[in-house]
Novice: 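What follows is a single structure, and I will ask about it in a moment.
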Amino acid sequence: MHQDISVPANPLKTLDLFCRVVDNYGDIGICWRLARQLVREHGIAVRLWVDDLASFKRIWPEVDPAAEVQQLAGVTVQHWRGQDGAFTAADIPDIVIEFFGCEIPPAYVEAMAQRAVKPVWFNLEGLSAEQWVEGCHTLPSPHRSLKLTKYFFFPGFNERTGGLSFEADLEARRQTFLRENRATAFLSGLGVTPQEQENLKVSLFCYDDAPLPALFDAWQHAPRAITCLVPEGVARGAVEAFLGTPIQPGAAATRGALTVRVLPFLPQTDYDKLLWSCDFNFVRGEDSFVRAQWAGKPFIWNIYRQDKNLHHTKLNAFLKIYEPVTPALADAARAWNGANHTEVDWQASWQVLQGELPALTTAAEDWLRKLLANGDFLANLLKFAARLVP
Ligand SMILES: Cc1cn([C@H]2C[C@H](O)[C@@H](COP(=O)(O)OP(=O)(O)O[C@H]3O[C@@H](C)[C@H](O)[C@@H](O)[C@H]3O)O2)c(=O)[nH]c1=O
């Protein structure tokens, strides 16, 4: 008789990911990235439960907002209407993920407990550079009455956390894009003129309360001409005030050293290319913040506002570990988020930042390589999950 020496196949083949869109695009943005990556890189059958298909459509135009169930990029997308219908053990996959503590239906949890082999259950948490995260990462939370355990899994910036998610081919695609100078064709396709491409290129994604009018004002007096590329709908009031016309893709105006150009709101994969194409990026929330780091370019982060100014604590925690930071970049980041104690002179501040750009860019590339070494968040999660399988 032959002895079976083959490596046991990965038993974790199916997965449900639950996403509740609190607001904006970050919740679905992150979940959609993870879902696609699970299918493409790990061969896992993924069902993504999402409650807001309209927001989803903004970042992935193929979404049919009226469909109950649809197949997209190999993922089964299920419109989550808060169904708490009948679930049986047969409905439950090998892995269940709830995103940002969104509560999954109680009947579904009951069905999880009925499964002969219990699913590996995760709560995916938000990104923060605060130190307490390291102590909470992978902590188990036993269900109060059912034989189930949920694990907290945190993204993060070092090996004591889950790391940040990146696709296996992300860095190779970025390198090819840069090496072959594809930015020119990409930006031209978005209507950015050759002259605008000669300027210093800045992408802009921020919340409405960022001090954009002051920055626009400063940029008009910048030492080098600036092209600010802003996807449609971002900072609508301030952009409209600058343009003097209602916002639509293709609208542009130049005042002094500053040209502002409105782009269409881009599909998620093209948004990466925008970050790669620019010299400096303004990003916000969580997903674009992470993608800016994978772009290897200097950036300023507009952090998602939280009660009691908790977001300022998070911002400062990040600025403390972000190695490329300079005093000028930290000051500007704090001012952008209302976390500074003194008035900021944006004109002077930008002048310093512009001078620092070459060094900041080199440092941002080094930072990217350091983060890559922590491994991909999903690969780290699946490795952890595999260890829990009996
Ligand atoms: C500007 C732009 C963004 N995007 C994508 C990139 C991201 O996946 C997504 C934006 O998500 P974020 O950067 O996270 O920013 P955000 O502000 O949109 O999202 C969130 O922030 C979180 C912290 C909160 O928990 C969420 O509730 C949510 O507010 O939209 C495009 O696909 N095309 C575009 O043109």
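Hydrogens, waters and symmetry mates play no part in the numbers below; they use all other heavy atoms, side chains included. For ligands, and for the atoms within them, numbers begin at 1 and follow the listed sequence. Since the structure is predicted, the reported quantities are computational estimates derived from the model, not experimental observations.
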Novice: Got a salt bridge between K314 and E286, using NZ or NE/NH1/NH2 to carboxylate O under 4.0 Å?
Specialist: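 Answer for the salt bridge query: no.
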
Novice: So, Y304 and N24: side-chain donor and acceptor under 3.5 Å apart, yes or no?
Specialist: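 No - no donor-acceptor pair under 3.5 Å links their side chains.
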
Novice: Taking E98 first and then K150, would you say they form a salt bridge - that is, a charged N and a carboxylate O separated by under 4.0 Å?
Specialist: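 Yes.
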
Novice: If the threshold is 4.0 Å, N to carboxylate O, is there a salt bridge linking R291 and D272?
Specialist: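 A salt bridge links R291 with D272.
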
Novice: Salt bridge check: are R115 and D94 linked by an N-O gap of less than 4.0 Å?
Specialist: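 Looking at R115 and D94, the cut-off is met.
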
Novice: Who's touching ligand 1 if we go heavy atoms under 4.0 Å?
Specialist: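 Contacts of ligand 1 under 4.0 Å: V22, D23, N24, Y25, G26, D27, G29, I59, F100, F205, Y207, P231, F265, L266, P267, Q268, Y271, R284, G285, E286, D287, S288, Y304.
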
Novice: Using salt bridge (charged side-chain N to carboxylate O under 4.0 Å, His left out) as the criterion, list what pairs up with D366, not counting sequence neighbours.
Specialist: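 So D366 forms a salt bridge (charged side-chain N to carboxylate O under 4.0 Å, His left out) with R369.
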
